[in-house]
Amino acid sequence: MSAYKILLADDELALRFLLTETLSDEGYLITEVEDGQQAIEQLSKEAYDLIILDYMMPERTGVEVCSWLRQSDNVNKDLPVILLTAKALEKDKEKAKAAGVTTYIVKPFSPLQLLDTVGQLLQR
């Protein structure tokens with residue numbers, strides 16, 4: 001299996017660490033950023049296989065980053081995007097879907113749930 005490259009954008013250091021460890025242990029190559037603006041800068045510099053965004057981040061939200069990506073001519077524009085969020089309201093899900101988010105994982109979640117979702121999206 002060639003190593004898939006994943007961009008992980010989350011402002012919560014402890015969660016970023018946990019997810020990076022979990023995904024790295026499975027052989028994924030993880031690039032971490034801590035806010036939405038850094039995510040956009042990283043997406044502008046490098047090609048990835050999958051993007052994981054936190055909903056609520058400084059600078060730009062995960063939904064704003066996804067919306068920017070889908071409307072850009074960026075090499076990553078058609079990639080699967082996982083949105084991590086504590087916002088489980090229907091209106092938030094609709095906003096995420098309208099921005100082009102592929103799938104939505106509500107916090108708290110199991111790292112194994114994330115691994116399953118990542119695996120399924122990369123198999124497509």
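Source: prediction; values computed, not measured.
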Other residues, nucleotides, ligands: >12 heavy atoms within 6.0 Å of K95 NZ
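Not more than 12 within 6.0 Å, no.
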Is there a path from [X] to [Y] through hydrophobic residues (I, L, V, M, F, W, Y) whose side chains come within less than 4.5 Å of each other?
X: I40; Y: L79; value: yes
X: L122; Y: L53; value: no
X: V101; Y: I52; value: no
X: V33; Y: M56; value: yes
X: F109; Y: I6; value: yes

[X] and [Y]: which non-hydrogen atoms are nearest, and at how many Å?
X: A47; Y: K5; answer: O-NZ, 3.1 Å
X: W68; Y: S44; answer: CH2-OG, 3.7 Å
X: R70; Y: A99; answer: CG-O, 3.4 Å
X: A3; Y: D49; answer: O-OD2, 4.4 Å
X: T61; Y: Y55; answer: CB-O, 3.1 Å
X: P111; Y: L18; answer: CG-CD2, 3.9 Å

Just by modelled atom types, is the [Y] backbone N or O under 3.5 Å from a matching donor or acceptor in the [X] side chain?
X: N74; Y: L43; result: yes
X: E46; Y: Q42; result: no
X: K77; Y: S72; result: yes
X: K107; Y: L84; result: no

Can you tell me how far apart [atom1] ([X]) and [atom2] ([Y]) are? Round to the nearest 0.5 Å.
X: L8; Y: L23; atom1: CG; atom2: CG; value: 7.5 Å
X: Q120; Y: I82; atom1: CD; atom2: CD1; value: 9.5 Å
X: T22; Y: E26; atom1: OG1; atom2: CD; value: 8.5 Å
X: T20; Y: E32; atom1: OG1; atom2: CD; value: 3.5 Å
X: D11; Y: D35; atom1: CG; atom2: CG; value: 8.0 Å
X: L50; Y: T102; atom1: CG; atom2: OG1; value: 8.0 Å

Got Y28 and L19 here, is their nearest side-chain heavy-atom distance under 4.5 Å?
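SC-SC contact between Y28 and L19 ruled out.
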E41 side chain near Q37 side chain, heavy-atom distance below 4.5 Å:
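Yes, side chains in contact.
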Side chain to side chain contact (heavy atoms under 4.5 Å, CB included) between D92 and Y104, intermediate numbers included:
CA-CA 10 Å; D92 296 316; Y104 197 93; 3.5 Å; yes
Please name the residue in the list I105, V63, I51, V106 that meets the side chain to side chain contact (heavy atoms under 4.5 Å, CB included) test with L83.
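Testing L83 for a side chain to side chain contact (heavy atoms under 4.5 Å, CB included) against I105, V63, I51, V106 leaves exactly one candidate, V63.
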How far apart are the C-alpha atoms of L69 and C66, what are their side-chain angles, what is the distance that settles it, and do they pass the side chain to side chain contact (heavy atoms under 4.5 Å, CB included) test?
CA-CA 5 Å; L69 182 64; C66 189; 5.5 Å; no
Would you call D54 and R16 a salt bridge, using N to O less than 4.0 angstrom?
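No.
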